[in-house]
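Every number for a ligand or one of its atoms is a count from 1 in the order of the listing.
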Amino acid sequence: MQEFIETKSEISIFETCFQTKLPLLLKGPTGCGKSHLVEYMAHKLKRPLVKVSCNEDTNSADLLGRFIIKNGDTVWQDGPIARALRSDAILYVDEIAEAREDVMVAIHPLTDFRREIYLDKTNEVLKASAQFMFVASFNPGYQSSLREMKPSTKQRFVALAMDYLSVEKEKEVLMKTSSIDESIAKKIAFLGKKIRESENFSLRETVSTRLLVHAAGLIQSGMNPRLACHIAIAEVLSDDRSIVEALKEFINLQI
Ligand SMILES: Nc1ncnc2c1ncn2[C@@H]1O[C@H](COP(=O)(O)OP(=O)(O)OP(=O)(O)O)[C@@H](O)[C@H]1O
Ligand SMILES: [Mg+2]
């Protein structure tokens, strides 16, 4: 398991929430390390991890479970929340704000002092053990999302704001995820910082650590570093040719 590089005690905050049975909300832009933190912590705390991603069609049956027809019989099939509760797992609900209102209502008793859910279809109450943890993620700047989390949902969580790393930390991530030299890792991390700081590219979302990791991986496999950054960063950040060309020129100056 690849290590998680801390910037503000994310590991101990996560551990304390686990011990105190508080649900944790990770807020931050795409590719800043939210999923990686959860995967790393599940490994560190030796808990199974159940992940589920929400979109605008996600309803409570998708998460709790439903009756299905199997070999001619009607059988109950647990959804990810029920599975996580039964296996004392860490449950990671990605993009929670996208889910429908009935999902929020269903998770409320799980995210407050009750720590349980009621499966009305099977008339069963599932109680969370001390080992169960609820973690959700939310990308507040995601512009295509019109949804906001309601205060009655949000105020059940402890919130940890995550952001892109400093050049030093991002360089460390690049060197840990690929075996590129320090000098090229530093250049890519610095390029990330420069693109983030620049207001010239009018990007919907700026360059994430994920894209820098992709570029480093291509370089490690022998690709020319400029080409790697063109295809892993410039072409991904925009589809507007003039912006892509401007990004490529900017990359050529840095790399
Ligand atoms: N602090 C960090 N330590 C180690 N690796 C990191 C860190 N932050 C980001 N990464 C790396 O960046 C990449 C993207 O991270 P991740 O998938 O966790 O992003 P995310 O926040 O979950 O994004 P999304 O909102 O799109 O799901 C991964 O390859 C991860 O290894
Ligand atoms: Mg993620």
Side-chain angles (χ1 to χ4, degrees), residues 1-15 23-45 49-56 58 63 80 84 89-99 133-149 157 159-180 182 184-186 188-193 195-196 203-221 228-229 231-233 236-238:
M1 163 59 58
Q2 187 210 320
E3 195 186 325
F4 180 83
I5 313 283
E6 276 196 292
T7 49
K8 44 183 171 188
S9 317
E10 291 91 346
I11 294 173
S12 68
I13 289 173
F14 196 112
E15 267 175 339
L24 177 63
L25 179 65
L26 303 176
K27 305 191 288 180
T30 185
C32 74
K34 300 182 294 295
S35 299
H36 185 61
L37 173 64
V38 180
E39 280 157 19
Y40 176 76
M41 291 308 298
H43 174 80
K44 188 165 193 290
L45 295 166
L49 177 60
V50 174
K51 294 192 268 187
V52 59
S53 209
C54 298
N55 60 48
E56 65 276 13
T58 308
L63 299 192
I90 291 179
L91 171 68
Y92 183 41
V93 182
D94 219 348
E95 292 299 341
I96 191 168
E98 299 294 315
M133 181 176 184
F134 192 113
V135 185
S137 83
F138 172 50
N139 181 344
Y142 191 49
Q143 286 167 12
S144 79
S145 168
L146 299 173
R147 294 182 196 240
E148 258 292 333
M149 276 178 85
F157 289 87
L160 176 57
M162 294 176 66
D163 209 340
Y164 301 124
L165 302 168
S166 64
V167 171
E168 264 313 296
K169 299 265 179 187
E170 209 149 41
K171 182 191 83 180
E172 240 183 277
V173 170
L174 297 176
M175 291 174 68
K176 290 222 157 92
T177 50
S178 61
S179 51
I180 54 172
E182 184 171 1
I184 185 72
K186 192 163 185 178
I188 297 172
F190 195 68
L191 171 71
K193 172 181 151 75
I195 295 176
R196 285 169 198 152
L203 301 170
R204 222 170 111 215
E205 280 209 59
T206 191
V207 61
S208 62
T209 307
R210 178 182 294 130
L211 300 191
L212 303 184
V213 167
H214 290 171
L218 293 172
I219 295 167
Q220 182 199 342
S221 67
C229 293
I231 64 171
I233 301 171
V236 178
L237 286 179
S238 179

Handout entry: Side chain proximity check, Leu237 to Leu211, heavy atoms < 4.5 angstrom
Key = yes
Practice task
Answer yes or no: is there a side-chain heavy-atom contact under 4.5 Å between Glu39 and Tyr92?
Solution key: no
Practice task
Using the side chain to side chain contact (heavy atoms under 4.5 Å, CB included) rule, pick out the option among Ile233, Ile195, Leu165 that qualifies with Leu212.
Solution key: Ile233
Exercise for the section: Inspect the surroundings of CD in Glu182 and state if more than 12 heavy atoms from other residues, nucleotides or ligands are less than 6.0 Å away. Expected result: no
Handout entry: Close approach, Val173 and ligand 1, non-hydrogen under 4.0 angstrom
Key = yes
For [atom], what's the nearest protein heavy-atom neighbour? Residue, atom name and distance, please.
atom: atom 18 (O) of ligand 1; value: His36 N, 2.7 Å
atom: atom 26 (O) of ligand 1; value: Thr30 OG1, 2.5 Å
atom: atom 8 (N) of ligand 1; value: Cys32 O, 3.3 Å
atom: atom 27 (O) of ligand 1; value: Arg210 NH2, 3.7 Å
atom: atom 23 (O) of ligand 1; value: Gly31 N, 2.7 Å
atom: atom 10 (N) of ligand 1; value: Thr209 CG2, 3.9 Å

Using atom types as modelled and distance alone, determine if a side-chain donor or acceptor of [X] lies under 3.5 Å from a backbone N or O of [Y].
X: His36; Y: Gly31; value: no
X: Glu98; Y: Ile96; value: no
X: Ser221; Y: Leu218; value: yes
X: Lys34; Y: Pro29; value: yes

Practice task
Flag Ser35 as yes when one of its N or O atoms lies below 3.5 Å from any N or O atom of ligand 1, and as no otherwise.
Solution key: yes
Problem - Short N or O distance, Val213 and ligand 1, threshold 3.5 Å exclusive - result: no
Problem - Leu191 to Cys229 - nearest heavy-atom pair and separation - result: CD2-SG, 4.1 Å
Handout entry: Minimum heavy-atom distance Val173-Gln2, with the two atoms named
Key = CG1-NE2, 4.4 Å
Practice task
Any chance you could measure Lys44, atom NZ, to Phe4, atom CZ, to the nearest 0.5 Å?
Solution key: 12.5 Å
Practice task
Might you check, step by step, whether the distance between atom 4 (C) of ligand 1 and some protein heavy atom is under 4.0 Å?
Solution key: yes
Practice task
Run the numbers for me: atoms of ligand 1, each under 4.0 Å from some heavy atom of Gln2, listed by number.
Solution key: 4 (C), 5 (N), 31 (O)
Completion exercise
Nearest heavy atom to atom 20 (P) of ligand 1, choosing from Glu39, Glu95, His214, Lys34, belongs to Lys34
Practice task
Answer yes or no: is there an ion pair linking Lys169 with Glu172, defined by an N-O contact shorter than 4.0 Å?
Solution key: no
Practice task
Could you please tell me which protein N, O or S atoms lie under 2.8 Å from the Mg ion (ligand 2)?
Solution key: Ser35 OG
Handout entry: Glu170 side chain to Thr209 side chain, donor-acceptor N/O pair below 3.5 angstrom
Key = yes
Handout entry: Contact partition for Glu3 relative to ligand 1, non-hydrogen atoms under 4.0 Å
Key = backbone
Practice task
With heavy atoms only and a cut-off of under 4.0 Å, state how Ile5 meets ligand 1: side chain, backbone, both or neither.
Solution key: both
